[in-house]
Amino acid sequence: MVDLPNIIIIGLTGQSGAGKSTVRGVFADNGFTVIDCDGIARKAADNRRFLNEIARCFSENLLNPDGTLNRAATAKVIFTDNEKRKRYQQIIFPYIINAVMNRIKSASGSVLLDAPTLFEAKLNMVCDRIVSVTADADKCAERIIKRDGITPEQARERLSSQHGAEFFKEHSDYNIENNGTLRQLIECTAAVIDKMKGDR
């Protein structure tokens, strides 16, 4: 944990399709300032220096003719090849971490760091508490197929490239299981927030 006076940082992570967006919304409704690391990553991918590094480090053509990142081609590579995913993360993580730390330093009160790759980017080191959202793999796959319009095979590839539910449970202070209804998820999240307030 990094000592940042007057700021409480909660890391939110978990499997794709587990329900992090809903959980994030409940935290926001309870006064947390949300930092969206996926959004930061998308902006980082527009950085010209980053794009030059990607072009230099990957033999595959991951850029569009106009020089922007071809997100579909990139997803295909990083979700099917562990080594290339690690290489991509090594390039983009410094951009994400720098932007995240700047956001945190300008914040006050309670911050929710919504970071699917929280552990990979070592952002767990700046968190006071970590909350993970998990669900059965088949439920996660069903949700991301519907959400992202991808095939079952692509859903399986995406999930297999991530940590499983047990990892998140073992490495989090609080775990929210989302195998039930939306109402149950919201109620469980509210209960976790109340518990954290009591633990401070």
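Counting begins at 1 with the first residue of the sequence.
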When you measure from the side chain of Ser172 to the backbone N and O of Phe168, does any donor-acceptor pair fall under 3.5 Å?
yes
Same hydrophobic cluster for Ile92 and Leu113, using side-chain heavy-atom links shorter than 4.5 Å among ILVMFWY?
yes
Between Ala18 and Asn178, what is the shortest heavy-atom contact and its length?
O-ND2, 2.6 Å
Is the shortest side-chain heavy-atom distance between Asp173 and Cys127 below 4.5 Å?
no
Answer yes if Ile104 and Ile130 sit in the same cluster of Ile, Leu, Val, Met, Phe, Trp and Tyr residues linked by side chain heavy atoms under 4.5 Å apart, and no otherwise.
yes
Apply side-chain hydrogen bond (donor to acceptor under 3.5 Å, both in side chains) to Arg85 and Asn82, showing your working.
CA-CA 5 Å; Arg85 179 172 64 256; Asn82 288 337; 2.5 Å; yes
Main-chain N/O of Ile35 paired with Arg103 side-chain donor or acceptor, under 3.5 Å:
no
For a side chain to side chain contact (heavy atoms under 4.5 Å, CB included) check, start with the C-alpha distance between Asp148 and Gln154, then their side-chain angles and the critical distance, and finish with the verdict.
CA-CA 10 Å; Asp148 299 341; Gln154 288 172 320; over 6 Å; no
Between Asn47 and Arg49 (side chain of the first, backbone of the second, donor and acceptor by atom type, cut-off under 3.5 Å), is there such a pair?
yes
Considering non-hydrogen atoms only, spot the tightest contact between Ser16 and Leu159 and give its length.
O-CD2, 3.5 Å
Measure from the side-chain N and O atoms of Asn179 to the backbone N and O of Ala135, and report whether any donor-acceptor pair falls under 3.5 Å.
no
Given Ile91 and Arg56, is the side chain to side chain contact (heavy atoms under 4.5 Å, CB included) satisfied, shown in steps?
CA-CA 11 Å; Ile91 296 170; Arg56 186 171 64 250; over 6 Å; no
Assigning hydrophobic clusters by single linkage (Ile, Leu, Val, Met, Phe, Trp, Tyr; side-chain heavy-atom cutoff under 4.5 Å), is Ile150 placed with Val77?
no
Beyond-backbone contact of Lys195 with Val192, side-chain heavy atoms, under 4.5 angstrom:
no
So CG of Asn30 and CD1 of Ile193: to nearest 0.5 Å the spacing works out to 4.0 Å
Check ion pair Arg71-Asp46 (N to O, under 4.0 angstrom)
yes
Can you name the nearest heavy-atom pair linking Val126 to Ile9, along with the distance?
O-CD1, 3.3 Å
Exercise: identify the closest heavy-atom pair between Asn61 and Ala73
O-CB, 4.4 Å
Roughly how far, to the nearest 0.5 Å, is CG of Asp128 from CD1 of Ile7?
9.5 Å
Going by the side chain to side chain contact (heavy atoms under 4.5 Å, CB included) test, name the single residue among Lys20, His163, Gln162 that passes it with Pro116.
Lys20
Quick one: are Arg87 and Phe58 in side-chain contact, heavy atoms under 4.5 Å?
yes
Identify the two heavy atoms, one from Arg129 and one from Tyr174, that lie closest to each other, and give their separation to 0.1 Å.
CD-CE1, 4.0 Å
Quick check on the hydrophobic clustering: are Leu69 and Ile78 connected, directly or via other members, by side-chain heavy-atom contacts under 4.5 Å?
yes
Please determine whether salt bridge (charged side-chain N to carboxylate O under 4.0 Å, His left out) holds for the pair Glu153 and Arg156, giving the CA-CA distance in whole Å, both sets of side-chain angles, and the decisive distance to 0.1 Å.
CA-CA 5 Å; Glu153 181 182 3; Arg156 287 192 296 271; 5.5 Å; no
Ring-plane angle category for Phe50 and Tyr88, please: parallel below 30°, perpendicular beyond 60°, tilted otherwise.
perpendicular
Is any side-chain heavy atom of Met196 less than 4.5 Å from a side-chain heavy atom of Val131?
yes
Reported CD1-to-CD1 distance for the pair Ile96 and Ile40, which is rounded to 0.5 angstrom:
7.5 Å
Please check if atom NZ in Lys169 has more than 12 non-hydrogen atoms from other residues, nucleotides or ligands closer than 6.0 Å.
yes
Determine whether Ile145 and Phe79 fall in the same hydrophobic cluster, where Ile, Leu, Val, Met, Phe, Trp and Tyr are linked whenever their side-chain heavy atoms lie under 4.5 Å apart.
no
Can you tell if the side chain of Thr189 reaches within under 4.5 Å of the side chain of Thr22, non-hydrogen atoms only?
no
Would a distance-only check, ignoring hydrogens and angles, find a side-chain to backbone donor-acceptor pair under 3.5 Å from Asn64 to Asp66?
no
In terms of heavy-atom contacts, Ala115 and Thr13 come closest through O-OG1, 3.0 Å
Is it true that, when you exclude Glu142 itself, more than 12 heavy atoms of the residues, nucleotides or ligands shown sit nearer than 6.0 Å to its CD?
no
Answer yes or no: is there a side-chain heavy-atom contact under 4.5 Å between Thr117 and Cys37?
no
